[in-house]
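First up is the structure itself, then whatever we jot down about it.
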Amino acid sequence: MDNPYLLLNRGAFEAAGLSEEEAENTTNRWWNRSSPACVQDRRCNGRQAEGAPALTNIYTTKQMREGSLPQTQYGRLIAHSYSPYVGWALHLNFGPYQFPWHGSGTTHFSANSYDRHVPLELFGTAFVPGTYHGVVAPVDIAATFASLLRINRPSAAVGRVLNEAIRTEGPGSTWAGDTK
């Protein structure tokens, strides 16, 4: 397992004559029937091991690639994290404090806010000093720096400009937008 993905052996499935969709759906069905970490609110055929982590969601890479995800905050998080380089896989999300992680620290990817929280610090004369308590995301960084550099944001950027942290330009600015 490569957090948060259960990577599938493409070669083995292709050798068995299965397509990506068949491999992912078959593995998804198997996981739901036989894993001790069964999807929350399902009976798991009565086999959920005591103390086993509870899965809350399973999505295939085909679902992620095609945008067939729930129209929720979590669905958007998954869509923003999708990479075509993942390959054939299932995206797994476990309940709060349930991820079967053997390392130390956090994984930085689950539906749980405690796991996704990453502090963001901005330094330089372009920024207003202070502490901001609003919700920001890593996708906001590209949009903010593109605005500061006065260039178009990347075409696939979905973040917002963090205007609340940007210092207002004063008189004498060399920016063409300040010519009024």
Side-chain angles (χ1 to χ4, degrees), residues 1-120 135-143 145-146 152-160:
M1 191 160 142
D2 190 12
N3 180 37
Y5 298 102
L6 175 64
L7 302 176
L8 305 182
N9 184 328
R10 179 179 182 164
F13 280 105
E14 285 179 334
L18 294 174
S19 69
E20 176 187 22
E21 183 174 14
E22 292 168 322
E24 291 174 350
N25 289 338
T26 299
T27 305
N28 190 358
R29 282 191 304 274
W30 172 84
W31 187 284
N32 282 310
R33 280 196 314 268
S34 59
S35 173
C38 294
V39 176
Q40 190 174 23
D41 297 326
R42 294 190 188 168
R43 294 295 119 210
C44 305
N45 298 326
R47 292 192 302 257
Q48 182 158 0
E50 188 165 325
L55 270 168
T56 56
N57 300 290
I58 301 176
Y59 299 105
T60 67
T61 51
K62 183 176 188 297
Q63 287 175 294
M64 292 183 284
R65 182 174 53 251
E66 295 176 354
S68 301
L69 299 167
Q71 297 300 311
T72 62
Q73 180 184 10
Y74 182 62
R76 287 184 292 280
L77 289 169
I78 296 169
H80 293 164
S81 71
Y82 169 73
S83 168
Y85 301 108
V86 169
W88 294 15
L90 296 179
H91 175 279
L92 307 175
N93 192 80
F94 293 86
Y97 305 101
Q98 297 287 308
F99 193 82
W101 177 253
H102 299 293
S104 62
T106 184
T107 62
H108 292 305
F109 195 89
S110 76
N112 308 303
S113 62
Y114 72 85
D115 196 37
R116 293 189 325 265
H117 178 78
V118 180
L120 173 63
V135 176
V136 299
V139 296
D140 299 331
I141 297 170
F145 279 94
N152 291 332
R153 68 175 60 200
S155 61
V158 294
R160 66 180 185 87

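Computed from a prediction, not measured in an experiment: that's the story for all the values here.
- For Ser68, there are no side chain to side chain donor-acceptor pair (under 3.5 Å) partners at least two apart in sequence or on another chain.
- Partners of Glu66 by side chain to side chain donor-acceptor pair (under 3.5 Å), not counting sequence neighbours, listed by chain and number: Lys62.
- Within the 4.5 Å cutoff, side-chain heavy atoms of Arg160 are placed close to those of Val136.
- With rounding to the nearest 0.5 angstrom, the CH2 atom of Trp88 is 9.5 Å from the CG atom of Asn9.
- Distance CG/Leu92 to CG/Asn57: 10.0 Å, rounded to 0.5 Å.
- Within the model, atoms CG of Leu18 and CZ of Arg10 stand 13.0 Å from one another, a figure rounded to the nearest 0.5 Å.
- The two residues Ala146 and Pro154 have their closest heavy-atom pair at CB-CD, 4.5 Å.
- Side-chain N or O atoms of Asp140 include one that pairs as donor or acceptor with a backbone N or O of Ala137 at under 3.5 Å.
- At least one donor-acceptor pair closer than 3.5 Å links the side chain of Glu22 to the backbone N or O of Ser19.
- From Thr61, atom OG1 reaches atom CD1 of Ile78 across 12.0 Å, with rounding to the nearest 0.5 Å.
- Ring orientation note: the planes of His91 and Tyr5 are nearly perpendicular, at an angle over 60° on the 30°/60° scale.
- To the nearest 0.5 Å, atom CZ of residue Phe145 and atom CD1 of residue Ile141 are 7.5 Å apart.
- In this structure the side chain of Tyr59 never reaches within 4.5 angstrom of the side chain of Asn93, judged on heavy atoms.
- The distance from atom CG of Leu6 to atom CG of Leu90, rounded to the nearest 0.5 Å, is 5.5 Å.
- Judged by distance alone, with hydrogens and angles left aside, the side-chain atoms of Arg65 form no donor-acceptor pair with the main-chain N or O of Thr60 at under 3.5 Å.
- In this structure, Glu24 contributes its side chain and Ala89 its backbone to a donor-acceptor pair below 3.5 Å.
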